[in-house]
Structure formats: C-alpha cells, structure tokens
There are 2 protein chains.
Amino acid sequence: MEGVRETAPKTDRCGGCAIRGVAICTSLTEGDRHALRAMGQPRHYGAGDTIFGEDERFGFLANVVSGVVKLSKTLPDGRQQIIGVEFAGDFLGRIYRDRTSFRAEAVTPVHLCCYPRARFEALVAATRGLEERLFRDALDELDSAREWMVLLGRQSAREKVARFLQMIARRNAGGCGPALGARFELPLSRADMADFLGLTVETVSRQMTRLKTEGLIRISNNRIIEVEDVGDLEAAAGGWAA
Amino acid sequence: MEGVRETAPKTDRCGGCAIRGVAICTSLTEGDRHALRAMGQPRHYGAGDTIFGEDERFGFLANVVSGVVKLSKTLPDGRQQIIGVEFAGDFLGRIYRDRTSFRAEAVTPVHLCCYPRARFEALVAATRGLEERLFRDALDELDSAREWMVLLGRQSAREKVARFLQMIARRNAGGCGPALGARFELPLSRADMADFLGLTVETVSRQMTRLKTEGLIRISNNRIIEVEDVGDLEAAAGGWAA
DNA sequence: GGCGCGGGTTGATCGAGATCAAGGCGATAT
DNA sequence: ATATCGCCTTGATCTCGATCAACCCGCGCC
C-alpha cells in the first residue's frame with residue numbers, strides 16, 4: 001500500500017489537512033481559505049472501512065487527503081458495480097443532498113478533511129465563486145460517468161482492462177508531462193477492477209496476463225504495473241485520448 | 001409519432017416556449033422569469049436531425065419544449081452508446097462549458113426554447129438561486145448516469161429491457177399518482193434501445209417478445225406498450241423502486 | 001513446522017448474447 | 001399492382017465472457 005501514498009500528487013497544508021492543488025482551496029481568496037481551513041476536521045479510515053453506506057444521512061463533506069476511496073452501488077440481489085474511484089484531492093459528498101445514493105469505502109488507508117455540512121453550506125452561500133467551483137467539479141464527474149457508460153456498454157474485456165490501466169496511469173502522472181512509459185501501483189484488487197469494469201475476477205486476470213504476454217505491460221507483485229508505451233495501451237483501449 | 005406528443009406532460013406558456021412544471025422557469029421570481037422569457041428563441045428540428053455533434057461549440061442552452069432528444073457518444077470505430085434521453089422540460093447544454101462532449105439528436109420532431117449562452121450566463125450570475133437550480137439538475141443527471149452504469153455493467157438483457165420500459169412508463173406517468181398499469185408509446189426504435197442498453201437490436205427484439213409471451217406487456221404497432229402490472233415489470237427489472 | 005486464509009492464476013465447460021442470414025410488414029413511391 | 005425502403009422479428013450458429021473447479025503463493029497464526 002505504500003506505493004500509493006508515494007505516487008500521490010504533491011500536497012500543501014490546509015489547516016491540518018493536506019489538499020492537492022486542484023482541490024477547492026485553490027480558487028478561494030485568502031480570507032475564505034482561512035474560513036475553510038478553520039472548519040476542516042481530519043478523519044482516518046483503515047483499508048476496507050465503510051465511509052458511508054447507500055442511502056443514509058451523511059453530515060459531512062470532505063476532501064480526500066490521501067488514499068483511495070471506491071464508490072459503489074449494489075443491486076438487491078448483491079451484484080455490485082463500482083461507479084467511481086476517488087484519489088487525493090477529490091471531493092466527497094455533495095451540497096444540496098444530505099442523503100447518499102451510493103456507498104463509499106476506503107480501499108487503502110484514507111485520510112479525509114471533513115467539513116460539517118451546515119457550516120460548509122453557509123460558506124458556499126457566502127463565498128463568491130465557490131458554488132461555481134463545486135458545480136464544475138460535478139460536471140467533470142458527470143462527464144467521466146458518461147465515458148464510463150460507453151466502456152460498460154460497448155467495449156470488450158480487453159479494451160476495458162486496457163482503459164482502466166490507462167486511467168490509473170494518467171491519474172498518477174499528475175502534473176508531470178506525458179511520458180512514453182509509466183510505472184505505478186494498482187490501488188484496486190482484481191475483484192474491485194472486475195466490479196468497476198462489469199466483468200468477473202477471472203476475466204480480469206486473464207486479460208491482464210494477456211496484456212502481459214503481448215508485451216504491453218509488465219507486472220510485479222501483482223500490483224506494480226509498468227507500461228512500456230502508453231500509446232500502445234491507448235490503442236488496446238479502443239483509441240481513447242482523453 | 002403523434003402519440004409521443006399526446007403523452008407528453010402538460011405545459012404552460014413561457015414567452016412563446018412551453019415549459020413543463022419542473023423546468024427552470026418555475027423557481028424564479030416574476031421579474032427573472034420575464035428576463036428568461038425575453039431571451040428564449042424557439043427552434044425546431046425534424047426526427048433524425050442533429051442538434052449538436054460531439055466536441056463542437058454550442059452557443060446556446062435550451063429547454064426541451066416537446067419531443068424526445070437522444071444523447072450519445074461514439075467510439076472511434078463507430079460503436080455507439082446512448083448516454084441519456086431527454087423529454088419535454090429537460091434542460092440541454094451546460095453553463096461553464098461551451099464545448100459539447102456528446103452528440104444530441106432529435107428522435108421525434110423537437111421544439112427547443114433556446115437561450116444564447118452569453119446572455120443566459122449573465123442572467124445566472126445576476127439571479128439568486130438559478131445556479132443552485134441548475135446545479136441540482138446536474139446532480140440528478142449524475143445520479144441517473146450512475147444508476148445506468150449499474151444496469152450496463154451488471155444486469156442481464158431481460159432486466160435491461162424491463163428496466164428501460166419501466167423508466168419510460170415512469171417518465172410518462174408524470175404527476176399522476178402511481179397506477180397499477182400503464183400504456184405509452186415508445187419514443188425510441190429498437191436500434192436506439194439497443195444503443196441505450198448496450199445490446200444488439202436482435203437481443204432487444206427477442207427480450208421484448210419474451211416479456212410479451214410472459215404476459216408482462218402487450219405490444220401493438222411495435223411502439224405502443226401496455227404494462228399489466230408495473231410491479232411485475234419492476235420485479236423483472238431486478239427489483240428497482242426508484 | 002503445519003495450517004488456514006485471502007488474493008491471484010489457470011483450465012474446462014457452459015451459456016447468454018452477438019453475429020449472420022432470411023423473411024415479414026407497413027408505408028411511400030412508380 | 002409492384003417495387004423499394006425502413007423497421008422489426010425469427011432462426012441457426014458462433015463466440016466471448018461467465019461459471020465451476022483446482023491450484024499456487026505469501027502471510028499470519030497456532
């Protein structure tokens with residue numbers, strides 16, 4: 001699990017909580033930033049802990065400071081689909097909704113910086129530009145949800161796995177310019193990958209070894225992935241630049 | 001195509017454009033409503049017309065006044081996935097983004113009430129509560145996108161078709177309380193249903209006749225559907241209340 | 001040491017849905 | 001009437017991914 005922390009984007013302090021550059025902090029004036037800093041409360045979860053369940057009250061909003069969180073929905077009969085994965089800097093919870101509609105679970109040890117809902121919403125109401133900031137983030141989430149719909153509905157198992165790896169590689173690349181290759185630690189188990197991609201564990205495993213034997217990736221310790229050429233991976237993913 | 005118009009929710013006038021109750025108009029003061037009304041420009045599209053393509057500039061935002069619009073994304077090799085369907089009253093386009101990330105196409109004849117982007121954004125900036133209104137709509141879209149991800153990733157063909165019918169039935173029910181049965185006209189062709197559900201035309205057709213022979217639905221004219229008991233359909237959809 | 005356990009891989013088989021192919025039906029045109 | 005076209009259905013067959021089953025490996029535990 002160490003590798004995940006290592007490859008996380010650089011952080012800067014924000015009232016005891018480290019917030020990545022893209023987090024909501026950055027678009028604020030110094031005064032507002034101070035107000036946000038003042039209300040942030042650190043919380044910690046171990047790998048596997050539930051942060052919140054489906055359809056329950058969630059009194060906080062939070063920035064993910066470190067670690068990886070998976071968001072999932074479950075059918076009545078237990079079938080599960082992961083609908084999103086959040087990394088350091090991502091925002092968890094939504095204003096205007098105090099009921100959750102999906103489960104959030106720590107995949108690695110997770111640090112959150114939590115803001116009590118009432119106080120946060122008051123700050124949003126009082127702060128010029130903060131609502132827009134959150135709105136834009138929601139639109140980004142909407143776009144990625146829709147891209148994932150294309151993957152789930154129309155792509156093959158090989159393409160799904162390749163595109164998943166590509167996504168992780170891109171996330172980990174952070175600000176650094178586009179490199180030819182990449183090396184990173186997978187934050188998710190094969191089972192979680194399967195739930196994200198709408199496949200079974202066995203199929204994910206087979207496609208991983210297939211990509212390996214094809215020479216597109218190298219695998220050590222089951223979780224450490226080296227990509228030879230990101231372009232090749234993109235081609236295997238069905239040609240997807242974004 | 002006539003039936004679609006018939007079953008569309010009731011409308012009220014808004015500067016030459018009819019807007020359903022849930023549309024943005026309702027949450028405004030009389031003055032703001034007037035401003036919105038003043039900038040609305042009617043536009044008309046025939047069935048099959050493209051309203052906007054993937055990744056192009058779109059200078060308007062719009063309310064769907066009547067008809068049905070499908071939103072889709074296409075893979076480089078041509079595979080298509082429908083990511084959403086909009087009915088009368090739904091809002092098309094987004095503030096803070098003048099580039100589209102998916103295609104919008106009229107499925108039936110469509111009337112839009114268009115607002116020029118610059119003027120609309122100015123109104124949003126000046127109008128208390130309008131941004132929140134749009135934000136909430138975006139969150140609803142995000143929720144339904146995520147529910148659809150579960151369907152695409154984890155449900156069988158039969159469940160997919162049943163849930164699609166259930167969704168259409170619910171949309172058409174509008175304000176009227178929950179009835180035992182339902183009767184409506186399908187707005188989409190079998191091919192479009194397939195693209196929405198991540199299936200092929202043949203599979204959709206087979207599952208439709210299967211639901212018919214099982215006595216869950218009745219089909220006339222290929223497009224007119226009668227549901228005996230919505231509860232049964234819900235059960236076939238994998239148990240989904242929402 | 002031996003043991004159990006969680007996570008991953010691999011093989012054999014099965015089956016749901018894709019693919020290929022043919023034909024029906026209603027609407028419009030000739 | 002006949003032809004054509006778009007949309008839908010139905011049948012035959014194939015294939016990809018699911019399912020069932022065995023096994024490996026690393027690790028903590030008794």
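Keep in mind that what you see is a predicted model, and the values were worked out from it rather than measured. Numbers restart at 1 for each chain; the letters A, B, ... are given by sequence-line order, proteins then strands.
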Carefully, step by step, assess B:Arg146 and A:Glu141 under the rule salt bridge (Lys or Arg N to Asp or Glu O under 4.0 Å).
CA-CA 10 Å; B:Arg146 284 171 164 168; A:Glu141 280 187 88; 2.8 Å; yes
Results of side-chain contact (heavy atoms from CB on, under 4.5 Å) for B:Asp229 - residues two or more places apart only
B:Leu180, B:Asp232
Tell me the interatomic distance from B:Asn221, atom CG, to C:dC25, atom P, rounded to whole angstroms.
14 Å
Closer than 4.0 angstrom, basic N to acidic O: yes or no for B:Glu56 and B:Arg103?
no
Is any NZ, NE, NH1 or NH2 atom of the basic residue among A:Arg154 and B:Asp195 found under 4.0 Å from an Asp or Glu carboxylate oxygen of the other?
yes
With respect to the phosphate group of D:dC8, does any side-chain polar atom (N or O) of B:Arg223 fall under 4.0 Å of OP1 or OP2?
yes
Provide, to the nearest angstrom, the distance between the CZ atom belonging to B:Arg154 and the P atom belonging to D:dG17.
13 Å
Give me, pair by pair, the N or O atoms of the protein and of nucleotides 22-24 of chain C that are less than 3.5 Å apart, along with how far apart they are.
none

Please tell me if the side chains of A:Arg94 and B:Leu139 come closer than 4.5 Å, counting only heavy atoms from C-beta onward.
yes
Please list, chain by chain and in numerical order, all residues satisfying ring pair (Phe, Tyr, Trp, His ring centres under 6.0 Å) with B:Tyr45, sequence neighbours excluded.
none
Under a 4.5 Å cut-off applied to non-hydrogen side-chain atoms, are B:Phe91 and B:Leu61 in contact?
yes
Whole-Å gap separating C1' (D:dG11) and CZ (B:Arg210):
17 Å
Just grab all the ring-ring contact (aromatic ring centres under 6.0 Å, His included) pairs involving residues 57-84 of chain B, residues at least two apart or on different chains.
B:Phe52-B:Phe58
Looking at C:dG8, D:dC8, C:dG17, which one has an atom nearest to any side-chain atom of B:Arg190?
D:dC8
Side chain of A:Arg206 - closest among C:dG17, D:dT19, C:dG8
D:dT19
Return the polar atom pairs (N/O with N/O) between nucleotides 23-29 of chain D and the protein under 3.5 Å, or none.
none

Of all residues at least two apart in sequence or in a different chain, which pass the side-chain contact (heavy atoms from CB on, under 4.5 Å) check with B:Ser144?
none
Please give, in whole Å, the distance from C:dA18 C1' to A:Gln155 CD?
17 Å
side-chain contact (heavy atoms from CB on, under 4.5 Å) against A:Glu159, all qualifying residues, sequence neighbours excluded
A:Gln155, A:Ser156, B:Arg79
B:Asp140: side chain to side chain donor-acceptor pair (under 3.5 Å) partners, not counting sequence neighbours
A:Arg97
Identify, with sequence neighbours excluded, every residue that meets salt bridge (charged side-chain N to carboxylate O under 4.0 Å, His left out) alongside B:Asp55.
B:Arg99
B:Ser156 side chain near C:dA16 phosphate (N/O to OP1/OP2, under 4.0 Å)
no
Could you list by number each residue of residues 212-220 of chain B showing a heavy-atom separation from DNA chain D of less than 4.0 Å, or answer none if no residue does?
none
With a 4.5 Å limit on heavy-atom distance, are the side chains of A:Lys160 and A:Leu199 in contact?
yes
Take the protein atom CE of B:Met208 and the nucleotide atom C1' of D:dC8, then report the distance between them rounded to whole Å.
11 Å
Side-chain donor-acceptor pairs of residues 201-211 of chain A under 3.5 Å, sequence neighbours excluded:
from     : atom 1 : to       : atom 2 : distance (Å)
A:Thr203 : OG1    : A:Thr200 : OG1    : 3.1
A:Thr209 : OG1    : A:Arg206 : O      : 2.9
A:Arg210 : NE     : A:Glu214 : OE2    : 3.2

Side chain of B:Gln207 (C-beta onward), nearest among C:dG17, D:dC8, D:dG17
C:dG17
Here the residues of residues 196-205 of chain A within 4.0 Å heavy-atom distance, strictly under, of DNA chain C are A:Glu202, A:Ser205
